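What you are looking at is a predicted structure, and each value in this text was computed from that prediction instead of being measured.
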Amino acid sequence: MKKIIGLLVTSAVIISSVTAFASGAIPDHKGTSLDRFPIGTTALGKAVKQYNDLFKKAGDQYGVDPNLLAAICMQESSGINWSYREDGTEYPAWGIMQIEYTLEKQFAQFGLDTTGTPWTLQDRLDPEKSIPFAAYLISQSLIKYDCDYVKMIQSYNFGQTVLDRILEATDGDAWLEERKNAATYATNWPYKTYGDAEYVEHVLRYYHNDIEYIGAKVRVNDKLIAFADQYPLILDDGYTFVPVRGIAETLGAAVEWDHDNYQAVIEKDGNILTIPINCDYAYVNDEEYYLESPSRIINGRTMVPLRFIAEHLDCYVEWDGDTRTVIITK
């Protein structure tokens with residue numbers, strides 16, 4: 001007997017750009033209050049808007065609001081910070097201006113992991129390389145600081161080591177007042193002083209909800225889940241898709257890829273979920289279920305409907321529309 005399974009529908013909580021901007025909302029934000037910060041008081045410049053597609057692609061892949069990604073890159077490069085090729089033509093250096101001091105090895109490794117070729121300092125001038133790297137750095141900070149965008153922005157400014165020392169030395173929101181004294185918390189700091197006391201404000205003034213954001217976050221037993229290189233996406237008017245290996249292993253299941261039949265196979269406690277790619281059905285043991293939105297391959301990752309997977313692994317699933325978060329209890 002074929003059964004119909006409802007997927008995670010979020011259409012009722014889809015945030016329009018007007019609503020999100022008017023309320024000062026930042027998708028996925030959980031943490032330090034934004035009450036003190038002006039948001040979106042300066043429009044994105046034309047230089048940034050030329051790269052909307054890159055911001056969207058990188059943001060969606062690494063679980064970062066592409067509007068925040070654009071705002072950070074614009075603040076880092078002031079929107080008009082240009083470098084030059086050997087032939088004299090201009091090239092924007094997006095969002096990683098300190099890479100030659102602190103991130104050279106990490107940038108090279110990121111290039112190797114994502115393209116098979118280590119990236120050089122010259123490569124940082126290529127927006128198609130620097131923007132995804134910035135998105136990757138931000139995604140790491142968002143996980144570390146539990147979706148606290150204010151701390152993420154400051155960690156991007158100071159580096160996580162310095163920010164962590166500031167947080168450890170202060171209580172509550174007092175760290176916000178210490179950011180101007182970041183040199184005090186650094187080891188072997190190359191500068192006498194460092195830190196823009198209004199850095200967070202600068203970034204958030206650039207923030208505008210101009211680029212469609214289709215990302216989401218996943219919490220399992222209240223722990224924010226990190227995904228390697230493709231984060232959850234809300235597709236097909238409201239269905240949340242996640243990388244099959246990332247979610248299944250987080251929920252304690254084993255995953256195999258059946259190349260001959262082009263399908264993912266998940267096993268836990270004697271139950272077997274079989275999910276063919278690009279098909280509107282899946283199997284739990286030998287029973288067929290109809291899927292309103294089929295699994296698919298995105299950025300080389302098998303993306304599967306989250307609610308179907310989680311509920312058939314005996315988990316309870318909720319949706320928090322305010323933070324675009326899937327909450328799973330197992």
Side-chain angles (χ1 to χ4, degrees), residues 15 19-42 44 48 55 58-59 62-78 95-98 102 134-186 194-211 213 215-217 219 222-226 231 320-325:
I15 307 171
T19 301
F21 175 73
S23 64
I26 292 179
D28 305 339
H29 176 66
K30 177 183 179 182
T32 308
S33 172
L34 291 169
D35 293 343
R36 73 182 74 192
F37 303 114
I39 296 180
T41 56
T42 301
L44 292 177
V48 171
F55 290 130
Y62 290 100
V64 178
D65 174 11
N67 299 283
L68 259 296
L69 177 60
I72 289 173
C73 289
M74 186 175 181
Q75 164 62 23
E76 287 288 308
S77 62
S78 299
I96 49 175
M97 305 313 334
Q98 301 300 320
T102 59
Y136 166 77
L137 293 178
I138 292 169
S139 73
Q140 298 297 298
S141 284
L142 286 176
I143 293 294
K144 178 177 177 60
Y145 297 115
D146 199 38
C147 266
D148 188 328
Y149 270 94
V150 178
K151 289 177 182 174
M152 175 275 290
I153 292 169
Q154 283 291 26
S155 73
Y156 197 90
N157 185 25
F158 291 144
Q160 290 185 355
T161 299
V162 175
L163 180 59
D164 287 348
R165 288 173 180 164
I166 296 174
L167 292 172
E168 185 177 354
T170 57
D171 294 321
D173 284 345
W175 66 274
L176 289 167
E177 307 309 320
E178 282 293 313
R179 60 199 191 281
K180 66 186 71 175
N181 303 314
T184 305
Y185 301 91
Y194 182 78
D196 179 356
E198 287 80 36
Y199 187 82
V200 171
E201 292 93 322
H202 288 184
V203 169
L204 295 181
R205 286 191 189 106
Y206 288 127
Y207 175 76
H208 273 254
N209 230 6
D210 294 329
I211 309 172
Y213 178 43
K217 295 293 190 297
R219 292 182 182 274
D222 203 38
K223 180 182 178 181
L224 188 62
I225 303 303
Y231 272 69
D320 181 348
D322 291 337
T323 60
R324 298 176 65 94
T325 303

Yes or no on side-chain contact (heavy atoms from CB on, under 4.5 Å) for T32 and W175, after CA distance, side-chain angles and deciding distance? CA-CA 11 Å; T32 308; W175 66 274; 3.6 Å; yes

Side chains of D65 and Y149: is there a donor and an acceptor less than 3.5 Å apart? no

Does the side chain of Y185 come under 3.5 Å of the side chain of E178 through a donor N or O and an acceptor N or O? yes

Could you check whether any side-chain heavy atom of [X] comes within less than 4.5 Å of a side-chain heavy atom of [Y], counting everything from C-beta outward?
| X | Y | answer |
| --- | --- | --- |
| P38 | E201 | yes |
| C147 | L224 | yes |
| I153 | F37 | no |
| I138 | Y62 | no |
| D28 | Y213 | yes |
| L204 | T41 | no |
| Y199 | F158 | no |
| L68 | I26 | yes |

Roughly how far apart are [X] [atom1] and [Y] [atom2], rounded to 0.5 Å?
| X | Y | atom1 | atom2 | value |
| --- | --- | --- | --- | --- |
| H29 | M152 | NE2 | CE | 10.0 Å |
| E168 | R165 | CD | CZ | 9.0 Å |
| I225 | I143 | CD1 | CD1 | 7.5 Å |
| R36 | L34 | CZ | CG | 10.0 Å |

Those residues at least two apart in sequence (or on a different chain) that pass salt bridge (charged side-chain N to carboxylate O under 4.0 Å, His left out) with K223 are none

What are the two closest heavy atoms between [X] and [Y], and how far apart are they?
| X | Y | answer |
| --- | --- | --- |
| A135 | L69 | N-CD1, 3.7 Å |
| Q160 | S141 | NE2-OG, 2.8 Å |
| V162 | A186 | CG2-CB, 4.1 Å |

With sequence neighbours left out, write down each residue that passes side-chain hydrogen bond (donor to acceptor under 3.5 Å, both in side chains) with S139, or none if nothing qualifies. none

Would you say [X]'s side chain and [Y]'s backbone share a donor-acceptor pair under 3.5 angstrom?
| X | Y | result |
| --- | --- | --- |
| K217 | Y231 | no |
| N67 | I211 | yes |
| R219 | T325 | no |

NZ/NE/NH1/NH2 to OD/OE distance under 4.0 Å, D164 and K144: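 Yes, charged N to carboxylate O under 4.0 Å.
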
